[in-house]
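Since the structure comes first, as structure tokens, the remarks are kept for the end.
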Amino acid sequence: MASVWAKSFAKLPVLSLFFLLLLCLPPGGGQKKKENLLSEKVEQMMEWSSRRSVVRMNGDKFRRFVKAPPRNYSVIVMFTALQPQRQCSVCRQANEEYQVLANSWRYSSAFSNKLFFTVVDYDEGADVFQQLNMNSAPTFMHFPAKGKPKRADTFDLQRIGFASEQLAKWIADRTDVQIRVFRPPNYSGTIALALLVSLVGGLLYLRRNNLEFIYNKTGWAMAALCVVFAMTSGQMWNHIRGPPYAHKNPQNGQVSYIHGSSQAQFVAESHIILLLNAAITMGMVLLNEAATSKGDVGKRRIICLVGLGLVVFFFSFLLSIFRSKYHGYPYSFLIK
């Protein structure tokens, strides 16, 4: 009887034998392996985060823990170039804000394994930059737990700036994770204000017997002009948005001080506009002085020409900057 069973079994097709072997395998073996791999990745990311709020990654770590599945956590990655030889001052400024944000998340009561902060430096992961066709730094990207990054998962640094609060708002939009930014105490502003008050108080005390200078119209006019120059050059926008001082192209090393878009600006650009406005105002003051003074005619003529030159040249320069930001603006004067 056994020999008959053996002969019948030998005649079974190979496919049927394979099917029987599959039935003998324990169910869920592949799923179990996937869960174990995911658990190991989450555990490793949590261990790194416990040591440092921002996890440094090279190419291998990036591909394994950020790009490769399985993954049930979101990752914020800052692509940067922090080495001194790169001379990227913007990268250092952005890194400081990024550290503040990551520390705020790491030491908050809401901290979990659903979100991690990482950084990829160009000198440690150049292959990652090439893989993502990335040619500028710093750049912030969100890699969601499921699916591939979309266009909105790349932070618009040029338009919004890299302040921690702006990054936190962007992360909330992409991950629904709310991060309250806690900044370390900064007493520089308080100290500066105290020094200013002390200086003014000391000056008033020394001149307590002669306070006629308080009624000096020229002094108050100069102070008012300084405030006007600061506001019209975009200093308040800089304070709110926190843009970089300038932008250095990592490919050719060229530094841009004027932003190419009308929706953003650099800090250096504000300083340039401030100086141009001051020069134009100086020219207008000289023109007024030449017209109203009663001095020597030759001297008044020289003052008039100098004032006219200041107004014409620096207004032309200011108009050319306006043209470079508002593309398609048709008008120019002397400088294009």
Side-chain angles (χ1 to χ4, degrees), residues 188-189 191-241 243-247 255-336:
S188 59
I191 295 174
L193 180 60
L195 290 175
L196 178 61
V197 172
S198 301
L199 180 63
V200 173
L203 180 62
L204 291 175
Y205 179 77
L206 293 175
R207 299 289 300 272
R208 62 186 182 277
N209 296 324
N210 184 11
L211 298 178
E212 292 295 330
F213 70 95
I214 295 180
Y215 304 98
N216 189 312
K217 295 181 180 180
T218 303
W220 285 110
M222 294 296 294
L225 281 175
C226 290
V227 174
V228 171
F229 290 152
M231 295 298 105
T232 56
S233 64
Q235 294 296 333
M236 186 57 68
W237 191 93
N238 294 339
H239 179 73
I240 297 173
R241 296 297 184 89
Y245 187 81
H247 175 70
V255 179
S256 299
Y257 298 102
I258 305 296
H259 198 284
S261 170
S262 61
Q263 302 297 321
Q265 68 180 24
F266 298 130
V267 176
E269 181 178 336
S270 298
H271 296 165
I272 294 172
I273 298 301
L274 187 150
L275 293 176
L276 292 178
N277 286 334
I280 294 171
T281 302
M282 185 63 186
M284 296 298 295
V285 170
L286 292 178
L287 286 174
N288 180 73
E289 183 69 18
T292 58
S293 65
K294 299 179 180 180
D296 181 67
V297 176
K299 183 179 179 181
R300 291 170 58 190
R301 184 180 293 112
I302 294 175
I303 294 176
C304 179
L305 292 175
V306 172
L308 184 62
L310 287 174
V311 172
V312 170
F313 177 78
F314 288 106
F315 180 78
S316 301
F317 195 5
L318 185 64
L319 189 60
S320 68
I321 295 176
F322 186 84
R323 279 172 52 87
S324 68
K325 295 178 69 66
Y326 288 82
H327 305 286
Y329 185 76
Y331 305 107
S332 63
F333 184 60
L334 294 183
I335 303 174
K336 293 185 178 182

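Side chains included, hydrogens not; waters and symmetry mates left out as well; all remaining heavy atoms used.
- Among all heavy-atom pairs drawn from Ser233 and Ala230, the shortest one is OG-O, 3.0 Å.
- The minimum heavy-atom distance linking Tyr245 with Phe266 is given by the pair O-CB, 3.3 Å.
- Side-chain contact between Met282 and Leu286: present, with at least one pair of heavy atoms (C-beta onward) separated by less than 4.5 Å.
- Residue pairs meeting the salt bridge (charged side-chain N to carboxylate O under 4.0 Å, His left out) criterion with at least one member in residues 313-329, sequence neighbours excluded: Glu269-Lys325.
- In this structure, Ile321 and Leu276 have side chains that are in contact, with non-hydrogen atoms separated by less than 4.5 Å.
- A 6.0 Å sphere centred on OH of Tyr257 holds no more than 12 heavy atoms belonging to other residues, nucleotides or ligands.
- Annotation: the span from Leu310 atom CG to Thr281 atom OG1 amounts to 10.5 Å, rounded to 0.5 Å.
- Residues Ile303 and Lys299 meet the side-chain proximity criterion, which asks for heavy atoms closer than 4.5 Å.
- Contact annotation: the side chain of Phe313 never approaches that of Ser316 to less than 4.5 Å [non-hydrogen atoms, C-beta and beyond].
- A 4.5 Å side-chain heavy-atom check between Thr232 and Ile273 finds every atom pair outside the cut-off.
- Summarising the geometry, atom CD1 belonging to Ile272 is positioned 11.0 Å from atom CD belonging to Gln265; distances are rounded to the nearest 0.5 Å.
- When side chains are defined from C-beta on, Leu287 counts as touching Cys304, because their heavy atoms get closer than 4.5 Å.
- Residue pairs meeting the salt bridge (charged side-chain N to carboxylate O under 4.0 Å, His left out) criterion with at least one member in residues 191-205: none, sequence neighbours excluded.
- Contact detail for Ala278 and Phe229: the closest heavy-atom pair is CA-CZ, 3.6 Å.
- Across all their heavy atoms, Ala246 and Val255 have their closest contact at CB-CG1, 4.0 Å.
- Within 6.0 Å of CE on Met284 lie no more than 12 heavy atoms contributed by other residues, nucleotides or ligands.
- Ser270 places no side-chain N or O within 3.5 Å of a backbone atom of Gln235 that could act as its donor or acceptor partner.
- Residue pairs meeting the salt bridge (charged side-chain N to carboxylate O under 4.0 Å, His left out) criterion with at least one member in residues 192-206, sequence neighbours excluded, do not occur.
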